[in-house]
Amino acid sequence: MSYVDEVIESVVAKNPAEPEFHQAVKEVLESLRPVIEANEEKYRKVALLERMVEPERQIKFRVPWVDDKGQAHVNTGYRVQFNSAIGPYKGGIRLHPSVNIGIIKFLGFEQVFKNSLTSLPIGGGKGGSDFDPKGKSDREIMAFCQSFMTELCKYIGADTDVPAGDIGTGAREIGFMFGQYKRIRGVYEGVLTGKGLSYGGSLARTEATGYGLLYLTQELLKLNGIDIAGKTACVSGSGNVAIYAIEKATQLGVKVLTCSDSNGWVYDPDGIDVAALKEIKEVNRARLTEYKKYRPNSEYHEGRGVWVVKADLALPCATQNELLLEDAKALVENGCTAVCEGANMPTTLEATKYLQEHGVIFAPGKAANAGGVATSALEMSQNSERLSWTFDEVDAKLKSIMINITHNMVDAAKRYGHEGDYVMGANIAGFEKVADAMMAQGIC
Ligand SMILES: NC(=O)C1=CN([C@@H]2O[C@H](COP(=O)(O)OP(=O)(O)OC[C@H]3O[C@@H](n4cnc5c(N)ncnc54)[C@H](O)[C@@H]3O)[C@@H](O)[C@H]2O)C=CC1
Ligand SMILES: O=C(O)CCC(=O)C(=O)O
């Protein structure tokens, strides 16, 4: 049996109830075959792959909090510190009822290669809880965040592990967590990113993941001889990534026809109105059913359905496994040119394969959504030098990082004779630096 197959088999056997983690490991290791085969003896000797798929540390803890009626609740908190070969652990905190250890591990594993692709010195980690922020008052959110940080603060720090936002964790939650960290640890340091601008946050971090997605999409299309201006796009999600992807797409001359939340989706033939979307989601924290009040010409549909709308580009920006094989077939049928992932692992393995086999340009999330964590690393740099850069400075650095990622991904695929396979390109480019650092640091 090949080294790659052995490691995949042992990951499945050792972590039986973690299908998302299996999926992420399979996607990465399968596509690394040419690199692993070329270095098999060297890597086997030091158990490189076995160490790469085993987190350095997994922390699981109780998060008790009291609701507005005086009732106590208990959630489970997680932090998976996956790999620190190239820098302190870095990755977001997800607050969603679906969170479990397998989901946090898949996200942490992806984060290792994504962070490497940014070319900045950050290792990979991820955390979260099965807490559902939906429908909670600000006081309840604060009670949860303070309790979560009361335990987490023992394991993180500006030079060890720097969490940030993800699904369900935005500026409000980061603020409450930062306050509690400072209160308990007594240090004012850049321990979290995505902070408010008045206490160490970076301009453009809010926009970074969505903007970065479009910078990469634009460059990748350009390398394929296609101009992004004048194209149409379907976007899923209506959270942080989706909103700023829609905003930048619109600025680049793309008409975005859809967005969605976990209840339903919107079709707007005139192009999604970003100002309305921001008011509904960022200010009112309301459902997408509200959108029609702002745009009477639009349609609202319950359930899922974004991917059946005919468009040139598909940008999944909601959550994992939201673009299935049947969706991939609909996209191909409708002549879709490119799928670029704003979310983490939104496309299933079968759907990815189908899209690639049918000539759709496919950019995986670990490259396409790396602008968020890259800008978090820029926030860490600003915190270290106790300076703040302008919006334009950060945005220019973000753009140049995304263009660099695009070229590295394209070139790595070419180097191994798989031109156009950007899943392989991104995984190889991300893997090489982490593998080198791990080899240099000995068995640890
Ligand atoms: N915020 C960031 O900087 C980054 C986020 N990501 C990824 O992007 C994706 C979206 O994250 P954010 O926009 O930050 O989160 P968010 O909490 O701001 O928005 C999440 C969106 O996805 C939808 N959603 C969540 N679960 C869903 C489900 N089960 N079915 C359908 N829709 C669902 C929500 O309704 C919402 O529109 C996630 O996969 C996240 O891991 C990736 C890189 C950076
Ligand atoms: O900004 C960060 O540190 C992490 C962002 C994130 O969670 C991700 O890239 O998936």
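As a basis for the values below, the full set of heavy atoms in this structure was taken, side chains included, without hydrogen atoms, waters or symmetry mates. In listed order, ligands and their atoms are each counted from 1.
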**Item:** Partners passing side chain to side chain contact (heavy atoms under 4.5 Å, CB included) against L197 (at least two apart in sequence or in another chain)
**Value:** L203
**Message:** Please tell me whether E393 and T390 have a donor and an acceptor in their side chains that are separated by less than 3.5 angstrom.
**Reply:** yes
**Prompt:** Are D395 and Y215 linked by a side-chain donor-acceptor pair shorter than 3.5 Å?
**Reply:** yes
**Item:** Nearest candidate to atom 18 (O) of ligand 1, where distance is taken over non-hydrogen atoms, out of I243, N240, L95
**Value:** N240
**Item:** Student check: side-chain heavy atoms of V53 and K14 closer than 4.5 Å
**Value:** no
**Nearest neighbour in protein (non-hydrogen) for atom 33 (C) of ligand 1** = S262 CB, 3.9 Å
**Message:** Among all protein heavy atoms in this structure, tell me which lies nearest to atom 37 (O) of ligand 1, with the distance rounded to 0.1 Å.
**Reply:** S238 N, 2.8 Å
**Message:** Quick test: of every protein heavy atom, which one is nearest to atom 17 (O) of ligand 1, and how far off is it to 0.1 Å?
**Reply:** G168 N, 3.0 Å
**Message:** Pairing donors with acceptors under 3.5 angstrom, does anything connect the side chains of Q356 and K353?
**Reply:** no
**Prompt:** Any heavy atom of R304 sitting closer than 4.0 Å to ligand 1?
**Reply:** no
**Prompt:** So, Q81 and D161: side-chain donor and acceptor under 3.5 Å apart, yes or no?
**Reply:** yes
**Request:** Using a strict 4.0 Å threshold on nitrogen-to-oxygen distance, state whether R287 and E290 make a salt bridge.
**Result:** no
**Item:** ligand 1 atoms in contact with C317 (distance to a heavy atom under 4.0 Å)
**Value:** 9 (C), 10 (C)
**Request:** Considering heavy atoms of the protein only, find what lies nearest to atom 11 (O) of ligand 1 and give residue, atom and distance to 0.1 Å.
**Result:** I167 CG1, 3.6 Å
**Request:** Hey, could you give me each pair passing salt bridge (charged side-chain N to carboxylate O under 4.0 Å, His left out) that has a residue in residues 186-195? Not counting sequence neighbours.
**Result:** K195-E379
**Asked** Between K310 and T232, does any side-chain donor sit less than 3.5 Å from a side-chain acceptor?
**Response** no
**salt bridge (charged side-chain N to carboxylate O under 4.0 Å, His left out) pairs, two or more places apart, involving residues 18-27** = E18-K105, E27-K366
**Fill in**
Taking only non-hydrogen atoms of H96 and a 4.0 Å limit, the atoms of ligand 1 in range are 26 (N)
**Asked** When only distance counts, is K114 in polar contact with ligand 1, meaning an N/O pair under 3.5 Å?
**Response** no
**Asked** Relative to the heavy atoms of R94, which atoms of ligand 1 are at a distance of less than 4.0 Å?
**Response** 38 (C), 39 (O), 40 (C), 41 (O)
**Request:** Look only at the side chain of S236 and the backbone of S260, and say whether a donor-acceptor pair between them is shorter than 3.5 Å.
**Result:** no
**Asked** Are any non-hydrogen side-chain atoms of T169 and F131 less than 4.5 angstrom apart?
**Response** no
List below, pair by pair, the N or O atoms of ligand 2 and of the protein that are less than 3.5 Å apart, including the distance to 0.1 Å; reply 'none' if no pair qualifies.
from     : atom 1 : to   : atom 2 : distance (Å)
ligand 2 : 1 (O)  : R205 : NH2    : 2.9
ligand 2 : 1 (O)  : S376 : OG     : 2.5
ligand 2 : 3 (O)  : K90  : NZ     : 2.6
ligand 2 : 7 (O)  : G92  : N      : 3.0
ligand 2 : 7 (O)  : K126 : NZ     : 2.7
ligand 2 : 9 (O)  : Q111 : NE2    : 3.0
ligand 2 : 9 (O)  : K114 : NZ     : 2.7
ligand 2 : 10 (O) : Q111 : OE1    : 3.2
ligand 2 : 10 (O) : K114 : NZ     : 2.9
ligand 2 : 10 (O) : K126 : NZ     : 3.0
ligand 2 : 10 (O) : N344 : ND2    : 3.0

**Asked** What is the nearest protein non-hydrogen atom to atom 39 (O) of ligand 1, stated with its residue, atom name and distance?
**Response** N344 N, 3.1 Å
**Prompt:** Looking at ligand 1, does M345 have a heavy atom less than 4.0 Å from it?
**Reply:** no
**Request:** Determine whether the side chain, the backbone, both or neither of V241 has a heavy atom under 4.0 Å from any heavy atom of ligand 1.
**Result:** both
**Complete:** Only one of F106, Y89, F109 passes ring-ring contact (aromatic ring centres under 6.0 Å, His included) with F82, and that residue is F109
**Message:** Using side-chain heavy atoms (C-beta onward) and a distance below 4.5 Å, is L220 in contact with Y422?
**Reply:** yes
**Asked** S260 heavy atoms, cut-off 4.0 Å: which ligand 1 atoms fall inside?
**Response** 37 (O)
**Prompt:** If you count the atoms of ligand 1 from 1 in the order shown, which ones are under 4.0 Å from a heavy atom of T209?
**Reply:** 2 (C), 3 (O), 4 (C), 43 (C), 44 (C)
**Message:** I'd like to know if K329 pairs up with E326 as an ion pair, taking the criterion as any Lys NZ or Arg NE/NH1/NH2 lying under 4.0 Å from an Asp or Glu carboxylate oxygen.
**Reply:** no
**Request:** Considering only non-hydrogen protein atoms, determine which one is nearest to atom 27 (C) of ligand 1 and report residue, atom name and distance to 0.1 Å.
**Result:** T319 CG2, 3.7 Å
**Message:** Among A318, G237, G239, which one puts a heavy atom closest to atom 10 (C) of ligand 1?
**Reply:** A318
**Closest protein heavy atom to atom 40 (C) of ligand 1, given as residue, atom name and distance to 0.1 Å** = D166 OD1, 3.1 Å
**Prompt:** Is R205 touching ligand 1 with its side chain, its backbone, both, or neither, if touching means heavy atoms under 4.0 Å apart?
**Reply:** side chain
